[in-house]
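Heads up: the structure comes next, in structure tokens.
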Amino acid sequence: MGKNNSETRSIQPILWISTLYFAMGVPFVTINAVSGIMYKDMGVSDAQITFWTALVMFSWTLKPLWSPFLEIYKTKKFFVVVTQFAIGILFALVALSLPLQDFFKYSIALFAVIAFCGATHDVVADGTYISFLTNKEQAKYIGWQGAFYNLAKIISSGALVYFAGVLEKTKGVTRAWMIIMVIYALLFFVLAIYHYLILPKENKEVSEKDKKTAGNVRQELLEVITSFFTKKNILWSVLFIILYRFAEGFAIKIAPLFFKAPRSSGGLGLSTSDIGLIYGTYGSAAFILGSVLAGYFISARGLKRSLIWLCSAFNIPFVVYALLAYYQPADLLPVGIAVVVEYFGYGFGFVGLMLYMMQQIAPGKHKTAHYAFATGIMNLGVMIPGMFSGMISDWVGYKIFFIWVLIATIPAFLVTLWVPFPYSENQKEQ
């Protein structure tokens with residue numbers, strides 16, 4: 001265990017892991033899913049929604065390019081607090097942009113800046129997790145990490161979307177979503193204050209020793225990039241993290257739009273409140289249960305023996321969307337059951353990918369930056385299919401589209417079967 005861990009012994013790690021990863025998940029989920037429902041309510045087309053909301057998320061792919069700067073200057077705690085305050089301010093500005101005539105242009109630009117801040121926050125949050133926890137602790141808390149990261153999906157896509165639907169009935173669409181954006185802003189102000197008070201901080205002596213001047217940054221970045229792409233079996237590992245979530249990239253963008261689309265267009269015709277209720281009630285317990293159980297499942301069996309099962313749990317449940325598109329049930333119950341199945345599988349399978357990147361790709365001199373590279377590449381595998389998902393669904397219809405999603409899961413199984421494990425799972429703790 002490193003010197004930096006001394007502070008974490010007086011504060012239980014779960015107290016900051018939970019809120020830190022919840023804060024990490026909110027910007028990603030809001031831009032990737034919630035903004036689509038908002039824009040759908042405000043009359044923007046599916047193709048325009050999916051393309052732009054996916055494109056502005058490019059920061060999560062590019063974040064490795066500035067991650068070395070974050071290891072050089074200040075502390076991880078400093079950047080966590082600053083980015084959370086900035087995200088709060090930006091969400092408030094999104095709220096102010098919605099009544100404008102060109103609301104889509106201004107709000108999507110603000111979401112792009114939120115994405116940059118969110119990606120920066122991801123780097124330092126993951127760096128905190130890796131630096132202050134041993135390998136054994138990382139495995140112990142990986143289920144909780146994944147649960148709280150994706151709890152953001154439940155709160156944003158569930159509770160806040162449901163609340164938006166309720167507000168629409170009395171306040172109108174625009175004002176309803178303005179209130180939701182203000183809630184996001186207030187949430188991040190509270191999180192910033194909380195993490196300023198509770199988050200562990202690097203030992204000052206270690207920080208000073210490792211500090212570098214601005215003139216070293218270019219050399220540092222080149223070394224980080226070179227050392228990443230010269231890791232053993234790195235090309236196969238990169239292919240794995242891209243394809244593991246490839247099908248999700250298509251499904252996650254279209255699913256809420258499919259739920260909301262009128263039945264005459266092949267959708268389910270659900271209201272905004274219905275969508276929030278399904279995600280927030282049916283999905284929440286299933287997702288958290290899946291995430292936590294996966295952590296214990298991996299801890300008992302080891303990641304290598306568990307990975308194909310995790311991949312199956314993650315990808316096979318997408319079949320529920322194909323069934324919903326084919327039968328178009330009018331009742332909320334079968335839709336809720338489908339979401340339970342999909343969310344449990346999502347929670348169970350997602351943590352395996354995160355732990356693989358943490359323990360099989362990140363280890364080494366630049367572990368924080370290399371983990372950022374891995375997660376950035378992973379998000380590229382979600383972003384690209386997401387950009388074109390709306391165009392494809394408009395072209396072939398929802399029924400054929402979700403069959404295509406199932407076909408898109410096949411590469412994930414192929415790469416998982418032969419993914420390399422260059423580091424022993426029983427390596428000694430530092």
Side-chain angles (χ1 to χ4, degrees), residues 32-33 36-37 40 46-47 49-51 53-54 150 153-154 157-158 161 242-271 274-279 281-283 286-287 290 308-350 353 381-416:
N32 197 37
I37 299 172
K40 184 82 169 178
D46 284 9
I49 291 170
T50 55
F51 182 83
T53 57
N150 288 287
K153 183 176 182 179
I154 307 304
S157 301
V161 171
I242 288 177
L243 295 179
Y244 193 91
R245 298 181 66 192
F246 184 66
E248 181 207 352
F250 290 106
I252 196 172
K253 281 291 186 184
I254 296 299
L257 305 181
F258 160 65
F259 285 174
K260 192 165 182 60
R263 299 178 66 83
S264 59
S265 300
L268 298 184
L270 302 182
S271 68
D274 288 337
I275 295 172
L277 183 65
I278 289 169
Y279 282 123
T281 57
Y282 302 143
F287 178 83
I308 189 62
W309 297 103
L310 298 167
C311 178
S312 300
F314 188 84
N315 285 282
I316 291 176
F318 290 131
V319 72
V320 300
Y321 293 126
L323 294 173
L324 291 176
Y326 183 81
Y327 290 106
Q328 288 186 275
D331 229 359
L332 279 183
L333 181 59
V335 181
I337 293 173
V339 170
V340 165
V341 171
E342 196 269 319
Y343 263 50
F344 179 86
Y346 187 98
F348 196 87
F350 186 78
L353 178 61
V382 178
M383 186 195 80
I384 292 177
M387 287 176 64
F388 300 102
S389 58
M391 300 177 193
I392 296 173
S393 66
D394 285 350
W395 178 38
V396 301
Y398 292 122
K399 288 182 182 179
I400 303 300
F401 175 81
F402 286 117
I403 292 174
W404 160 247
V405 170
L406 297 178
I407 296 172
T409 66
I410 295 173
F413 288 98
L414 296 178
V415 294
T416 300

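All residue numbers refer to positions in the sequence shown, counting from 1. Just so it is clear, the structure is predicted and the values come from calculations on it, not from any experiment.
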Measuring from L323:CG to F318:CZ, what's the distance to the nearest 0.5 Å?
-> 14.0 Å
For A54 and G386, the nearest pair of non-hydrogen atoms, with its separation, is CB-C, 3.8 Å
Find out whether T409 and I316 are in side-chain contact, i.e. whether some heavy atom of one side chain is under 4.5 Å from a heavy atom of the other.
-> no
Does D46 have any salt bridge (Lys or Arg N to Asp or Glu O under 4.0 Å) partners at least two apart in sequence or in another chain, and if so, which?
-> K40
Do you know the tightest heavy-atom contact between A251 and V405?
-> CB-CG1, 4.0 Å
Calculate, to the nearest 0.5 Å, the distance between atoms CG and CZ belonging to L332 and F259 respectively.
-> 10.0 Å
Positive for ring pair (Phe, Tyr, Trp, His ring centres under 6.0 Å) with Y244, one of F314, F413, F350 | F314
Return the set of residues passing ring pair (Phe, Tyr, Trp, His ring centres under 6.0 Å) with F258 (not counting sequence neighbours), or none when no residue passes.
-> Y398, F402
All heavy atoms of P256 vs all of I275, minimum pair found to be O-CD1, 3.8 Å
Student check: side-chain heavy atoms of L270 and I278 closer than 4.5 Å | yes
For I49 against G36, the heavy-atom pair lying closest together = CG2-CA, 3.5 Å
Can you run down the salt bridge (Lys or Arg N to Asp or Glu O under 4.0 Å) pairs that involve residues 243-252, sequence neighbours left out, and say none if there aren't any?
-> R245-E248
Minimal heavy-atom distance between G345 and P317, with the atoms involved, is CA-CG, 4.1 Å
May I have all residue pairs that pass side chain to side chain donor-acceptor pair (under 3.5 Å) and include part of residues 314-325, sequence neighbours excluded?
-> Y321-E342
How long is the span from the OG1 atom in T50 to the CZ atom in F388, to the nearest 0.5 Å?
-> 9.5 Å
Residues passing the ring pair (Phe, Tyr, Trp, His ring centres under 6.0 Å) test with F287, sequence neighbours excluded, are Y346
CD1 on I252 to OG on S157, rounded to 0.5 Å | 7.5 Å
First locate atom CD1 of I254, then atom CG of L257, and finally report the distance between them rounded to the nearest 0.5 Å.
-> 5.5 Å
For residues L406 and A322, report the shortest heavy-atom separation together with the two atoms involved.
-> CD1-CB, 4.2 Å
Ignoring hydrogens and angles, write down the donor-acceptor pairs under 3.5 Å from the side chains of residues 260-269, residues two or more places apart or on other chains.
{"unit_1": "K260", "atom_1": "NZ", "unit_2": "D41", "atom_2": "OD1", "d": "3.0"}
{"unit_1": "K260", "atom_1": "NZ", "unit_2": "T272", "atom_2": "OG1", "d": "2.9"}
{"unit_1": "R263", "atom_1": "NH1", "unit_2": "Q328", "atom_2": "O", "d": "3.2"}
{"unit_1": "R263", "atom_1": "NH1", "unit_2": "P329", "atom_2": "O", "d": "3.3"}
{"unit_1": "R263", "atom_1": "NH2", "unit_2": "Q328", "atom_2": "O", "d": "2.4"}

Here the gap from S393 atom OG to W404 atom CH2, rounded to the nearest 0.5 Å, amounts to 13.5 Å
